[in-house]
Amino acid sequence: MRRQLEPVLVGRTLRRVEILDGRLTRPHDPRSVAAELAGERVASVERRGKYLVLRFASGRALLVHLRMTGGFRRGEASHLRATLRLDDGTDVRFRDVRRFATWRLFEPDEVDPYLAGQNGPEPLGTGFTARWLAARLAGRRAPVKALLLDQRVAAGVGNIYADEALWYAGVHPARAAGAVGPGELADVVRGVRRALRLGIERQGATLRDYAAPNGERGSMQDEFRVYGRAGEPCLRCGVPIAKTRVAGRGTCYCPGCQR
DNA sequence: CTTTTTCCCTGGACGC
DNA sequence: TGCGTCCAGGGAAAAA
């Protein structure tokens with residue numbers, strides 16, 4: 001989404017911002033956020049963990065969190081929650097079926113400290129290593145999957161990618177985090193990277209109606225090894241994929257080859 | 001302190 | 001067909 005938004009938004013000035021869903025800017029007043037955004041010129045479109053970061057020439061930044069069903073679209077959209085009207089006449093629409101998404105406007109000196117506090121290392125960057133995981137997981141009795149879902153441990157990893165990553169690594173999602181050995185942690189690092197790289201390559205998974213800003217659907221769902229495959233044979237060992245609940249989330253894994 | 005549970009929200013799937 | 005219930009999941013908040 002960031003990659004498609006970048007050429008559309010960078011260099012453009014927000015002429016008018018319309019926020020239709022008052023929950024979007026919680027806890028702030030949607031009218032004042034819309035008024036503050038109008039006139040801002042987009043300097044860059046970045047991503048940090050699960051946050052989309054629209055940085056403005058003023059130094060301010062809008063942090064957009066899509067949660068489950070949020071997304072930008074060019075062209076018409078159902079479940080419309082906000083519209084950005086640009087100085088070149090185009091409209092960029094924001095839709096969100098379940099209304100979990102958030103928009104929050106930050107002052108110049110506040111945005112980076114906030115992002116740093118919310119997010120650990122980027123899994124596709126250099127800071128996400130077996131050594132880092134070992135430090136963060138040491139002594140923890142919570143399931144390893146729960147730690148992978150902690151954004152301060154691995155920025156951007158969500159439920160589906162955690163399951164996929166642990167399948168690649170051959171590690172059982174309910175294992176006590178502190179009991180996962182150093183060799184396995186290296187496998188987990190590789191698994192997380194592999195799952196996320198594949199997801200980006202395939203432009204995400206379209207489970208219901210997710211689409212990129214240009215309307216194209218993702219194809220990551222065709223690459224799932226465990227997610228949504230409960231009862232089907234494991235692609236590595238043939239044992240039926242199991243589904244359970246770990247860290248409060250639906251969790252798919254292979255009882256045969258994830259230990 | 002760590003870990004687990006609840007809640008927010010909508011709509012699709014499913015049972016009766 | 002219509003209604004009730006469950007499930008999906010990110011993360012804040014509350015509970016344990």
Side-chain angles (χ1 to χ4, degrees), chain A residues 1-2 19-28 30 47-53 62-73 77-82 93-104 106 114-120 122-123 133-167 172-180 192 195-196 199 204-211 217-218 220-221 224 226-231 241-253:
Chain A
M1 190 159 288
R2 188 206 71 78
I19 294 169
L20 299 118
D21 181 3
R23 282 185 54 78
L24 185 59
T25 56
R26 63 192 178 277
H28 303 292
R47 180 196 59 74
R48 180 74 174 93
K50 291 173 179 171
Y51 290 92
L52 205 49
V53 186
L62 180 69
L63 294 198
V64 175
H65 198 305
L66 306 175
R67 292 301 209 276
M68 256 70 66
T69 54
F72 286 95
R73 293 275 181 91
S78 61
H79 301 96
L80 186 66
R81 307 301 181 199
R93 297 188 172 83
F94 187 78
R95 70 187 302 268
D96 184 19
V97 175
R98 290 171 65 182
R99 304 171 64 207
F100 279 9
T102 55
W103 283 18
R104 192 165 155 192
F106 282 80
Y114 180 81
L115 285 171
Q118 295 288 107
N119 298 290
E122 289 289 332
L133 271 191
R136 294 309 305 265
L137 273 51
R140 304 293 293 272
R141 277 199 281 260
V144 60
K145 176 175 170 176
L147 275 289
L148 278 187
L149 290 174
D150 184 338
Q151 299 299 292
R152 292 162 302 181
V153 172
V157 175
N159 192 50
I160 293 174
Y161 292 93
D163 280 3
E164 294 295 308
L166 289 169
W167 182 86
H172 196 293
R175 280 270 297 284
V180 180
V192 168
L196 290 179
T206 297
L207 296 177
R208 185 164 303 146
D209 65 349
Y210 167 79
R217 287 157 184 274
M220 181 60 186
Q221 65 279 5
F224 288 158
V226 284
Y227 183 82
R229 296 192 69 250
I241 300 301
K243 179 160 185 184
T244 180
R245 194 160 284 268
V246 175
R249 298 293 169 222
T251 299
C252 300
Y253 69 100

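When reading the values below, keep in mind they use all heavy atoms of this one structure, side chains included, and skip hydrogens, waters and symmetry mates. Proteins get letters first, then strands, A, B, ... in listed order; numbering begins at 1 in each.
Residue contacts for A:Tyr227: at a heavy-atom cut-off of 4.0 Å it reaches the sugar-phosphate backbone alone, with no base atom in range. Residue contacts for A:Arg245: at a heavy-atom cut-off of 4.0 Å it reaches the sugar-phosphate backbone alone, with no base atom in range.
Between A:Tyr51 and A:His65, the ring planes are perpendicular. Angles over 60° get that label, and only those under 30° would be called parallel.
Contact between the side-chain N/O atoms of A:Arg67 and the OP1/OP2 oxygens of C:dG11 is not found at any separation under 4.0 Å. Under 4.0 angstrom from either OP1 or OP2 of C:dG11 there lies at least one side-chain N or O belonging to A:His65. The side chain of A:Gln151 places no N or O atom within less than 4.0 Å of a non-bridging phosphate oxygen (OP1 or OP2) of C:dG10.
Atom pair A:Arg95:CZ and B:dT10:P shows a separation of 14 Å (rounding to whole Å applied). Taking atom CZ of residue A:Arg23 and atom C1' of nucleotide C:dA12, one finds them 12 Å apart after rounding to whole Å. In this structure, CZ of A:Arg104 is placed 16 Å from C1' of C:dG10, rounded to the nearest angstrom. Rounding to whole angstrom units, CG of residue A:Asp96 and C1' of C:dA8 are separated by 14 Å. For A:Lys50 and C:dA12, the NZ to P distance is 11 Å, given to the nearest whole Å. Counting to the nearest Å, the P atom of C:dG10 and the CG atom of A:Asp163 are 10 Å from each other. Rounded to whole Å, atom P of B:dT10 lies 7 Å from atom CZ of A:Arg81. A:Asp150 places its CG atom 12 Å from the C1' atom of C:dG10, with the value rounded to the nearest Å.
Of all heavy-atom pairs spanning A:Ala155 and A:Glu122, the tightest one is CB-OE2, 4.1 Å. Annotation for A:Ile241 and A:Cys252: closest pair CG2-CB, 4.2 Å, computed over non-hydrogen atoms.
Taking the charged nitrogens against the carboxylate oxygens, A:Asp150 and A:Arg152 do have a contact shorter than 4.0 Å, which makes a salt bridge. Under 4.0 Å is where a charged nitrogen must lie from a carboxylate oxygen, and between A:Asp163 and A:Arg249 no such pair does.
For A:Arg249 and C:dG10, a side-chain-to-base donor-acceptor distance below 3.5 Å is present, hydrogens and geometry of angles not being considered.
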Report each atom pair, protein N/O against N/O of nucleotides 1-3 of chain B, whose distance is under 3.5 angstrom.
{"from": "B:dT3", "atom 1": "OP1", "to": "A:Arg141", "atom 2": "N", "distance (Å)": "2.6"}
{"from": "B:dT3", "atom 1": "OP1", "to": "A:Ala142", "atom 2": "N", "distance (Å)": "3.1"}
{"from": "B:dT3", "atom 1": "OP2", "to": "A:Arg140", "atom 2": "NE", "distance (Å)": "2.6"}
{"from": "B:dT3", "atom 1": "OP2", "to": "A:Arg140", "atom 2": "NH2", "distance (Å)": "2.9"}

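Where A:Lys243 and A:Gln118 each meet DNA chain C at their nearest nucleotide, the meeting point lying more 5' is that of A:Lys243.
Here the two rings, on A:Trp167 and A:Tyr227, have centers that are 6.0 Å apart or farther.
In the model, A:Ser78 has a side-chain atom that pairs as donor or acceptor with a side-chain atom of A:Arg95 under 3.5 Å.
Residue A:His79 places its side chain closer to B:dG11 than to any other of B:dC9, B:dG11, C:dG11. In this structure, of B:dC9, C:dG10, B:dG11, it is C:dG10 that holds the atom nearest to the side chain of A:Met68.
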